[in-house]
Student: 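Handing you this structure, nothing more for now.
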There are 2 protein chains.
Amino acid sequence: MTVPTATPPTASARDRLIDTAIALFNRHGFHATGVDRIVAVAKVAKKTLYAHFPSKEDLILAALSRKRAAFADKFLPVVLAGSEDPRQRLLSLFELAKSWFADPDFYGCIFINAAVEYSEPAHPINACAREFKTLLRNFARDQAAAGGAADPDALADQIALLFEGATTVAQVSGRPDAATTAKDIAARLIDQAFRRQQTNGADTAILSSCE
Amino acid sequence: MTVPTATPPTASARDRLIDTAIALFNRHGFHATGVDRIVAVAKVAKKTLYAHFPSKEDLILAALSRKRAAFADKFLPVVLAGSEDPRQRLLSLFELAKSWFADPDFYGCIFINAAVEYSEPAHPINACAREFKTLLRNFARDQAAAGGAADPDALADQIALLFEGATTVAQVSGRPDAATTAKDIAARLIDQAFRRQQTNGADTAILSSCE
DNA sequence: TTGACCGGAAACCGATCGGTCTCCATTATT
DNA sequence: AATAATGGAGACCGATCGGTTTCCGGTCAA
């Protein structure tokens, strides 16, 4: 007799469902994307979808969870490996955002979009989106602290606000150059926040670090 | 014989429909708000709705149009009447945003939300949202020019980005204090942009104008 | 070869979607 | 008092929603 597998059927169908769902949710939104369309594009039987996910809401949460994992396990490590300098690390966020916004398949941040469509704070999807935003902010705070900012939390709030602003402007107004606008502002704020800690140091470092 | 009125039936039903639609769209979103719910809350017959608006999409456009009119005809004049100083006028945007975000009925900017749910640039609703965003930016540019900024367009882009960022952070992360964060950044950027034009003037003015 | 099991295709469910239509009470005009 | 126009309540339409179920072909072990 076969051992009853704890994980449902095959895993590739599940992966295909999540990937398809992410793409469709990004482009058309959550309410506007029906499960019929998802299974049709993913070439998966409806029964299989409900074998993996109890409901559409669980599929949405799984899609957001995968996006969050990709951000934490792939995106942030790349940023960390790119430079040792906290200032450069923070600025590279906006540099990467520039190419993100320019992608023809850019339809905004899926977490912002999720929070817009599920705006009740108590809703699991809204909570998931809100929780994700703390990831970026915590990263900014860590880098701000590493750079010696007097108030790392304040700088993190500023960086996060600039990032959200750039994303929203790029999406709503169709202006990918918002990434550059935000980066310029961020550079000034970082310099001001870091300068205070190194008043004894050379001011030339601030100029030379401008790319 | 009665004169055939150019405007359909009574106007109060139309007003109630638009006001109800704005409230429901703001709280629950566009796709999630059905016309049945709108007519039920507005206490209007479905037939009356379709006597005033050819389709739900037209009702959405009418709602957005009313919001835009309120912004241009009520909100901006108040800002203009509040002060003669371009700097204060720009900062008052964020001051007003603070109380906006603190409103328990705050569910984000309805134009951002509309652009999120109707993300195709060619869609009339998306175009309407995108067009609105130029109103705020043009206002900022006019004030930047009046204040003597070297590059009014650049400052306007910065102000607009900060405003969008504050709105998004307040909505997604539930942090009304984002208005203050954005205002502080805006104050610095305005000071820097305006200072260049008055290098011969007293630097004390920069300090004294900080509130 | 047989039989248990799996997943895909698709019918099916009640509910709701946007939109149309019928009926009737109210109202204003003649 | 009779008539015509209005707007409200709500039935009704086909389509689609999220979700369940049936059926059937293929796959694997016994």
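The model shown is predicted, which means the values in this text are computed figures rather than measured ones. Letters A, B, ... are given to chains in the order of the sequence lines, protein chains preceding strands, and every chain is numbered from 1.
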Student: Salt bridge (Lys or Arg N to Asp or Glu O under 4.0 Å) with A:Arg27: which residues, sequence neighbours excluded?
Tutor: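 Partners of A:Arg27 under the salt bridge (Lys or Arg N to Asp or Glu O under 4.0 Å) test: A:Asp105.
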Student: Could you list the residues that satisfy side chain to side chain donor-acceptor pair (under 3.5 Å) with B:Asn126, not counting sequence neighbours?
Tutor: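 Residues passing side chain to side chain donor-acceptor pair (under 3.5 Å) with B:Asn126: B:Arg130.
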Student: Just the rounded figure in Å: distance from C1' of C:dG8 to CZ of A:Arg14.
Tutor: 19 Å
Student: Quick one: list whatever passes ring-ring contact (aromatic ring centres under 6.0 Å, His included) with B:Phe132, sequence neighbours left out.
Tutor: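 Counting only residues at least two positions away or on another chain, B:Phe132 forms a ring-ring contact (aromatic ring centres under 6.0 Å, His included) with B:Phe71, B:Phe111.
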Student: Rounded to the Å, how far apart are B:Leu49 CG and D:dT6 P?
Tutor: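 It works out to 18 Å between those atoms.
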Student: Does the ring center of A:His31 lie less than 6.0 Å from the ring center of A:Phe25?
Tutor: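 No - the distance between ring centres of A:His31 and A:Phe25 does not fall below the 6.0 Å cut-off.
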Student: Assuming nearest nucleotide by heavy-atom distance, tell me which of B:Lys43 and A:Phe30 is located more 5' along DNA chain D.
Tutor: B:Lys43
Student: Expressed in angstrom and rounded to an integer, what is the separation of B:Arg37 atom CZ from D:dC17 atom P?
Tutor: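 In whole Å, D:dC17 P and B:Arg37 CZ are 19 Å from each other.
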Student: Who pairs with A:Asn138 by side-chain contact (heavy atoms from CB on, under 4.5 Å), at least two apart in sequence or on another chain?
Tutor: A:Thr134, A:Arg141
Student: I'd like to check the ring-ring contact (aromatic ring centres under 6.0 Å, His included) partners of A:Phe101; sequence neighbours left out, ordered by chain and number.
Tutor: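 With sequence neighbours excluded, A:Phe101 shows a ring-ring contact (aromatic ring centres under 6.0 Å, His included) to A:Phe106, given in chain and number order.
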Student: How many Å lie between NE2 on B:His28 and C1' on C:dC17, as a whole number?
Tutor: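 To the nearest whole Å, that distance equals 17 Å.
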Student: Determine: side-chain N/O of A:Thr48 to OP1/OP2 of C:dG8, distance under 4.0 Å, yes or no.
Tutor: yes
Student: Would you list the protein and nucleotides 19-27 of chain D atom pairs, both N or O, that sit under 3.5 Å from each other?
Tutor:
from	atom 1	to	atom 2	distance (Å)
D:dG19	OP2	A:Tyr50	OH	2.9
D:dG19	OP2	A:Lys56	N	2.7
D:dG19	O5'	A:Tyr50	OH	3.4
D:dG19	N7	A:Lys46	NZ	2.7
D:dG19	O6	A:Lys46	NZ	2.2

